[in-house]
**Q** 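For reference, the structure I am asking about is given below.
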Amino acid sequence: MNNPFMPHEAEVIARHDETADLFSLQLRFTDPLIHSQYRFVPGQFNMLYLPGMSEVPISIVSDPDDVHIIDHTIRKVGSVTSNLGRLQVGDRLGLRGPYGRGWPVVDAENTDLVIVTGGLGCAPSVSLIEYVLRRQARYGRIHIIQGVKHSSDFIWRERYDLWRQYPNVEVWLTADTGDTLWPERLGPVTQFFDQLDIDPKQTSVMMCGPEGMMKAVVHDMQQRAVPGKRIWFSMERNMHCALGSCGRCQLGAKFVCKDGPVFNYDELAPYWGHKGV
Amino acid sequence: MNRQRFLPGERFQSLIDQLKSAGYDVVGPQVRDHAIVFDALAKVDQLPIGITDEQAPGRYRLEKSESRRCFDWATGAQAIKPMTFVARETLWQSERLPDGSLTFHETLVKTRPTAIIGVRACDLAALSIHDHHFMRGAHPDPLYSQRRQSLFLIAVHCMRSAATCFCTATGDGPRARSGYDLALSELDEGFILEAHTGRGLDIIVQLGIDEATVEQIERADAGIGQAAKQQQRILPVGPLQEKLVSAVEHPRWQTLNDRCLSCGNCTAVCPTCFCQTHVDEISLDGQQTSHIRQWESCFNPDHSHIHGIVIRSERAHRYRQWLTHKFGTWEEQFGRSGCVGCGRCITWCPVGIDVTEELAVLCKGLVNE
Amino acid sequence: MNNALPKPRVAVHKFSSCDGCQLAFLNLGERLLSLAETVDILHFAEAGPIDEGAMVDIAFVEGSVATSRDAERLKRIRENSRYVITIGACATAGGIQALRNMHDSGEWLAGIYAQPGYLDLLPESSPIARIIKVDLELWGCPVNGEQVLAVTRALLVGHMPHVDQNAVCMECKRQHVVCVMVSQGKPCMGPVTQTGCGAICPKMQRDCYACFGPAIQANVSALSTHFAANGMLAREIAQRLLFINNQAEPFLGSGIQWQSQAAPNPTSSPGIK
Amino acid sequence: MSNLRTGEIHVPVLARVEGEGALDIQIRDGQIDRLHLRIFEPPRLFEKLLEGRSTQDVIDSVARICGICPVAYQITAVAAIESIFNFTPTPWVQAMRRVMYCGEWIQSHSLHIHLLAAPDFLGFNSAPAMAQKFPLEVRRGLRLQSIGNDIIRTFGGRSVHPVGVRAGGFFHAPNAAVIATLRQKIHDSLDEARDLIAWVATLPIPEDDQSFTSVSLRQDGQYPVEGGRIVSDAGLDIAIEDYAQHFRELQVPYSTALHALLDEQPYLVGPLARINNNYNCLPAELRQWIDATGIRFPSRNMFHSMVARAIEIYFAMSEALRLTENYEIPSAAYVEPIMRAGAGYGCTEAPRGILWHRYVLDDQGHALEARIVPPTSQNQARMEEDLKASLTRFGLDQSDDALRLRGEMVIRNYDPCISCATHFLDFRAERQ
Ligand SMILES: Cc1cc2nc3c(=O)[nH]c(=O)nc-3n(C[C@H](O)[C@H](O)[C@H](O)COP(=O)(O)OP(=O)(O)OC[C@H]3O[C@@H](n4cnc5c(N)ncnc54)[C@H](O)[C@@H]3O)c2cc1C
Ligand code: SF4
Ligand code: SF4
Ligand code: SF4
């Protein structure tokens, strides 16, 4: 019988340290058949398994059209992620996926995009940005707004500079606190919104980051009459199965693992902003 | 519809024997450790004959009843959940070979065709919710499915309600309506049997028993009606999802922060709760692991832990999650409430918190604010 | 992953205790030999090897700290160990012997000794974590050997394991133990006690007496109020809380409150002989 | 003697004993001038912390005095408590308490032989080390130990600080299927237990006869386990209530464990004393096997203690089998006793020797006073006496290491359980 809980063996084919506690792994199923059948959309995630520890949900950051490449960018926060960080090329781990509903990259075609990221290296939004930039012709103006705690948190500076070179792309950066050399802004991400040249009816907002930041962005975008169904975010909850069975990722009537992790505001409005839901 | 037949009380053993010879292991209710539990049943005298249950919030006692009936009790400590969604089982195993490669193995469940005697209407309603959850999604659960498919269910229509029962309020009882193979109505002199499936009918035919009389059928109906009338607990008029979700900041939740132990008993005895935790067990040399799932509860802080925070960090949040999910958001997920009215969460709450009482307060006049 | 690691080094240290938690290792049976093959046991006085100052990966510490010399020894253990894991109620919460913390232990000693003068006891029996940083605490009086082994295994693969701190009740339910509180009215501490023992008391049809310490976010006040409403005396409630894990909050605070409401303890009546 | 040596020998931490102790020897002019068995386990003041507690709390607390013999403590306490209540447990309860107690002997003795004592005789410093050369013997020992644990677990849920004992009986009676499985296991290992006796008897056992008084219980013609009268091979025969009239406990400044004297003399308790005083109560078949080893009891050689333990393991296993033959689950696992105020005594044969308790209860069953005399403190004086004699005979001109090793071996004969010995004593001595 097909057991959907069971991971498959995967191999690390490349690894890259982004910062001291952020790293990327490129994985490949060792079974070529499984690998060749693997398809995903940006915003979906995999379950990564280290034997004797646990499985953890991790977003896929590679481009879905780069068939056969499965990339993850992971922050070492606890035991499993730290041990993932110790993997070397050739090491084996368990992998299953992809799961969940990704970003509405097709629905959002022909609209302006506002992509807001809080915290650094928020994996789901990086994959989204890379995706839309590569298919820039399908979208209107693209505003990328990134907020971090401290200016020294910024990674991938080159990447921002690269993004800035695209036509019709604007990159806005801000830090809660910064040092003297910080060339960008200080303060919350919402400070940029007045300068955004967007048509609320023709804009899709997509964001990922701490729930507090997302709340502020939602509030602001609603003031600007962006419809709730065009405000999207990627949510995080505890997950053990990723199949909608274990019940741990519930958020109101939603199972984040299968109904999300990407939701629009209207879907979550009844639960939005209440502590402990 | 199949005709209803009558099995004299003294011949009940022949039903057990018939099921056995049809290849089933037989499971039935019996008294153990001051409660009624399901366990392997060989002889009719293992049944709780002449035993009844007295239930109240936080209280369960067995007593002698006036009758010699076998099913003169309302609900036991558990529904049949432990037989389909088992409390602890291995989902799969992995092994690391000396060359560093990893292999994964399925752990097959060993099931035997099993007939369960004494399944109540509420238990059946709960089972059908679990069938929906575990078998009908995009990823059917092979372990659940296999256990579920090995069951032969013999329902018993309730003729007595405990003080904590409220299945009339949820519409799930006291008469079992679907999801069983055979149903029993117990009269003082014996049982009315009705088949709901072909294999149920086979068993009846094998028993070679007569039709029940109209009078017997009427008496059974009256008994079931009586059970319905005994029920006192009610629910606010549904659907409740909107009412409960909009009660999210109701001050009542705070009182539950003080009263609720967050022990999770209500969720563990609830026949529809399905939350799990998955844990890894590892051999001493680190080469073999078992990935195990076990019952878990939204009352445990771990349940909503993500790195660095517990989302439902207060007891009040967790009580709110339980009640709002069970009676409210369940509607969107499953097309119906998650409550089947068995009353177990009221009885088995060590401090006797009563969901019907809480709902009454929480749903009063909040909808159209 | 890299499998060619050197054998991890382990020590088992003892402080004030009954030795029962070390038995988690000595009672492993033949698995003890497998463990000895997997790790280097450098210090474990009861089992043989003695090297108190060895540098180790994992130091298991049993027992509470009762003397200033023990406190010093403990600090050295911390310096020499990558992970310090406390095993059992004494190490984790001061143990049953910490009941003396609530009394004038000088008076207790005087009641027993001809010459209490040369006693060098610290005023309190202290949990290890009051003195040094502890990486993982395993509760229980005694610890559950399977839990100790599971933690050891996890650490050996480099994983800091998660210890389930939820109430005993969930384990009761997983094992299909009928709740003794609801079905028999017994004053079970299970709802506020950390799981780990396998619910052995309810399984034996007795009420849990909290030897695994408080569950996470234990609502002791709700449970004890419930006990009181069902006829338990304040003194009995206090004793229930102030027992094996008397120094652990919220047992300690709540226990002292109930104690202050209770009638005084009966004192020795010379009439009875 | 040409070498009239003067000097000091220290064993700062005794290995392979339960609890923490040290040995200091001062030699002057070729004689032992001073010999101190120092015990520096901090006192845990159990007798005080029992005051005011319910009988069940007493039973659960005293287990915590010793992780290796909690059953001894619980069964002694419950016997004392039931005697105050003037309550006699049902035959089933009496039999099963004896079975549970047998479990503890098996567990504790197997642990002692294999993990603590035997490595000495074969020149290893630990059981895992010994297992490299003697894998079958060590594994057999660990299996026997686990049988002891299984028996305790059957009645108490776990083998350390079990939770099944209560006044009036047990909380829960194991069902017949559980007992059947347990019996099977014991049965399957009986031969191994017999082989163990033979094996232990062949270890290089030093010759070292000394004179001492053996004190034990005597239990109505049965081999004593969970009750009886206190007897000695010097003619003592008293009821347990009269213990304090004949035995005296005294404090020594260098140790946290009290010493005890019988008529002002050191005495021996434990397996060797038990077997010396009760040899004829062992099953005839077992006595034949003992005869076959060539070792005779009563024995004056303390190194025969280990043989005595092996014999008692076999005895305890066969006794457990005998008592569970035709086992049926009783209608009730306990009878609720009626509480009464009063004083009562309990005395049983813990693995290490007689364990004596006295309690005074009020009419609500709360403890007003408690007094506990564990076996190890009873052996303290005897141990020092033995050490002086046997080290002198061994030769004080031997190297420090040899003397140290021999000293530890002698101490291990008593299987001292230091943590329990000190539960009510002062702390003073220093770790070096
Ligand atoms: C849909 C989704 C996508 C994610 N994508 C990424 C990503 O691309 N990169 C990245 O670095 N992180 C991602 N995370 C977060 C990541 O899963 C957690 O950081 C990780 O589980 C922490 O495990 P740990 O053992 O290192 O930490 P610990 O804090 O030690 O966690 C212990 C255990 O708690 C559970 N747990 C803790 N945090 C989470 C969490 N956030 N979600 C689910 N379970 C949790 C796990 O069972 C974990 O093993 C994602 C989370 C979700 C839900
Ligand atoms: S409602 Fe009752 S049973 Fe449920 S968690 Fe709270 S105290 Fe426990
Ligand atoms: S017996 Fe005790 S631990 Fe078990 S469910 Fe009941 S209250 Fe909880
Ligand atoms: S049930 Fe309670 S008292 Fe009993 S062993 Fe478990 S934690 Fe300890």
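The structure displayed is predicted, hence computed values, not measured ones. All chains are named by letter (A, B, ...) in the order of the sequence lines, taking the proteins before the strands, and each is independently numbered beginning at 1.
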**Q** Please identify, among Cys201(C), Cys141(C), Cys197(C), the residue contributing the most non-hydrogen atom pairs under 4.5 Å to chain D.
**A** Cys141(C)

**Q** Taking only Lys NZ, Arg NE, NH1 and NH2, and the carboxylate oxygens of Asp or Glu, determine whether Asp51(C) and Arg9(C) approach each other closer than 4.0 Å.
**A** no

**Q** Does any part of the side chain of Met232(C), heavy atoms only, come nearer than 4.5 Å to the side chain of Trp258(C), both counted from C-beta?
**A** no

**Q** Go through the steps for Ser64(C) and Gln97(C) under the test side chain to side chain donor-acceptor pair (under 3.5 Å), then give the verdict.
**A** CA-CA 9 Å; Ser64(C) 67; Gln97(C) 61 267 28; 3.0 Å; yes

**Q** What part of Leu32(C) lies closer than 4.5 angstrom to a heavy atom of chain D: side chain, backbone, both or neither?
**A** side chain

**Q** Is the shortest side-chain heavy-atom distance between Gln205(C) and Phe171(D) below 4.5 Å?
**A** no

**Q** Only pairs of heavy atoms separated by less than 4.5 Å count here; which of His161(D), Gln145(D), Arg64(D), Arg166(D) has the most with chain C?
**A** Arg64(D)

**Q** Who among Gln364(D), Gln107(D), His172(D) has the most heavy-atom pairs with chain C under 4.5 Å?
**A** His172(D)

**Q** Is Lys48(D) salt-bridged to Glu51(D), cutoff N-O under 4.0 Å?
**A** yes

**Q** Examine whether an atom of Tyr359(D) lies under 4.5 Å from a heavy atom of chain C, and if so say whether it belongs to the side chain, the backbone or both; otherwise answer neither.
**A** neither

**Q** Let's test your reading of the structure: which of Asn27(C), Leu26(C), Leu28(C) forms the most heavy-atom pairs below 4.5 Å with chain D?
**A** Asn27(C)

**Q** Identify which part of Ser159(D) has an atom lying under 4.5 Å from any heavy atom of chain C, answering side chain, backbone, both or neither.
**A** side chain

**Q** Using non-hydrogen atoms only, which part of Phe243(C) is less than 4.5 Å away from chain D: side chain, backbone, both, or neither?
**A** both

**Q** Given heavy-atom pairs under 4.5 angstrom as the criterion, report whether the side chain, backbone, both or neither of Arg371(D) touches chain C.
**A** neither

**Q** Parallel, tilted or perpendicular, judged at 30° and 60°: which one describes the rings of Phe44(C) and Phe25(C)?
**A** perpendicular

**Q** Does a side-chain N-to-carboxylate-O contact under 4.0 Å join Lys14(C) and Glu46(C)?
**A** no

